[in-house]
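Reviewing the structure listed below.
Just so we're on the same page: letters track the sequence lines, and every chain starts at 1. Worth saying up front: this structure is predicted, and the values here are computed from it rather than measured.
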Amino acid sequence: MNYWLMKSEPETFSIQDLQQCNGQTHCWDGVRNYQARNFMRDAMQHGDLAFFYHSSCKIPGIVGIIAIASDAYPDHTAFDPESKYYDLKSTPEKPRWIMRDVKLVEVFKRIITLDALRQNEKLQDLRILKPGNRLSITPVTKEQWQAICAMSQ
DNA sequence: GCCAACGTTGGC
DNA sequence: GCCAACGTTGGC
């Protein structure tokens, strides 16, 4: 079992959007960074858990927990010229980008703000708190996972 | 394979 | 909307 942190702009896809799926899975598309893709494709496993992080919004922070609910499969939005994630170098024959399905596990009653994360000394090494780290998918250690879960109580 | 130019991310 | 920090691109 691995732990992850997955960022999304709530204007594009929020945890409330996922909540409206009523327990159904939803694809996590649009990852267009090789490092993030490699995490998602190689290290991530069906059944892993991830924090859902809202970025580029009024109060950035962790808003809940999701579960990885599929294996990796081609991100078809890369094939669609109408999509903002279109990439002409990715074809159905040779897909460059992949995605996975996720499902909602828990919505935190209160958002764990970026500010609060920064103030937790157990989270000094958390990837998203490092300057300049913009990866949309990052690994979280078991210790970090537990420390953050404790903050949600 | 170097590196300058350019684009993107994301907090502020 | 600013800007720092990266990642990507493409000429050489």
Atom-to-atom span, OH of Y34(A) to P of dT8(B) - whole angstrom: 15 Å
Spacing of N33(A) atom CG relative to dT9(C) atom P, expressed in whole Å: 11 Å
Results of side-chain contact (heavy atoms from CB on, under 4.5 Å) for T12(A) - residues two or more places apart only: E9(A), K84(A), Y85(A)
T77(A) and R32(A) side chains, donor-acceptor separation under 3.5 Å: yes
Identified side chain to side chain contact (heavy atoms under 4.5 Å, CB included) counterpart of I62(A) within the set I111(A), L117(A), I15(A), L114(A): L117(A)
Salt bridge (Lys or Arg N to Asp or Glu O under 4.0 Å) against K130(A), all qualifying residues, sequence neighbours excluded: D125(A)
Interatomic distance where CD1 belongs to I128(A) and P belongs to dC6(C) [whole Å]: 15 Å
For residues 96-106 of chain A, run the donor-acceptor check on the side chains, cut-off 3.5 Å, and write out each pair with its distance to 0.1 Å, sequence neighbours left out.
| from | atom 1 | to | atom 2 | distance (Å) |
| --- | --- | --- | --- | --- |
| R96(A) | NH1 | Y34(A) | OH | 2.9 |
| W97(A) | NE1 | D87(A) | OD2 | 2.8 |
| R100(A) | NE | M40(A) | O | 2.7 |
| R100(A) | NH1 | S70(A) | O | 2.8 |
| R100(A) | NH2 | M40(A) | O | 3.1 |
| R100(A) | NH2 | M44(A) | O | 2.9 |
| D101(A) | OD1 | Y73(A) | OH | 2.5 |

Interatomic spacing from OH in Y53(A) to OG1 in T138(A) - rounded to 0.5 Å: 10.0 Å
Nearest-Å distance for atom pair CG/P, residues D87(A) and dT8(B): 13 Å
Distances for protein N/O vs nucleotides 10-12 of chain B N/O pairs under 3.5 angstrom?
| from | atom 1 | to | atom 2 | distance (Å) |
| --- | --- | --- | --- | --- |
| dG10(B) | OP1 | K7(A) | NZ | 2.6 |
| dG10(B) | OP1 | R134(A) | O | 3.0 |
| dG11(B) | OP1 | Y53(A) | OH | 2.9 |
| dG11(B) | OP2 | S56(A) | N | 3.0 |
| dC12(B) | OP1 | R118(A) | NH1 | 3.3 |

Linked, directly or transitively: W145(A) and F108(A) (ILVMFWY side chains, under 4.5 Å): yes
Partner set under side-chain contact (heavy atoms from CB on, under 4.5 Å) for Q20(A), not counting sequence neighbours: none
Euclidean distance, atom CH2 of residue W97(A) to atom C1' of dT8(C) [Å, nearest integer]: 10 Å
Involving DNA chain B, stems made of at least three consecutive Watson-Crick or G-U pairs, both distances under 3.5 Å: B:1-12 with C:1-12
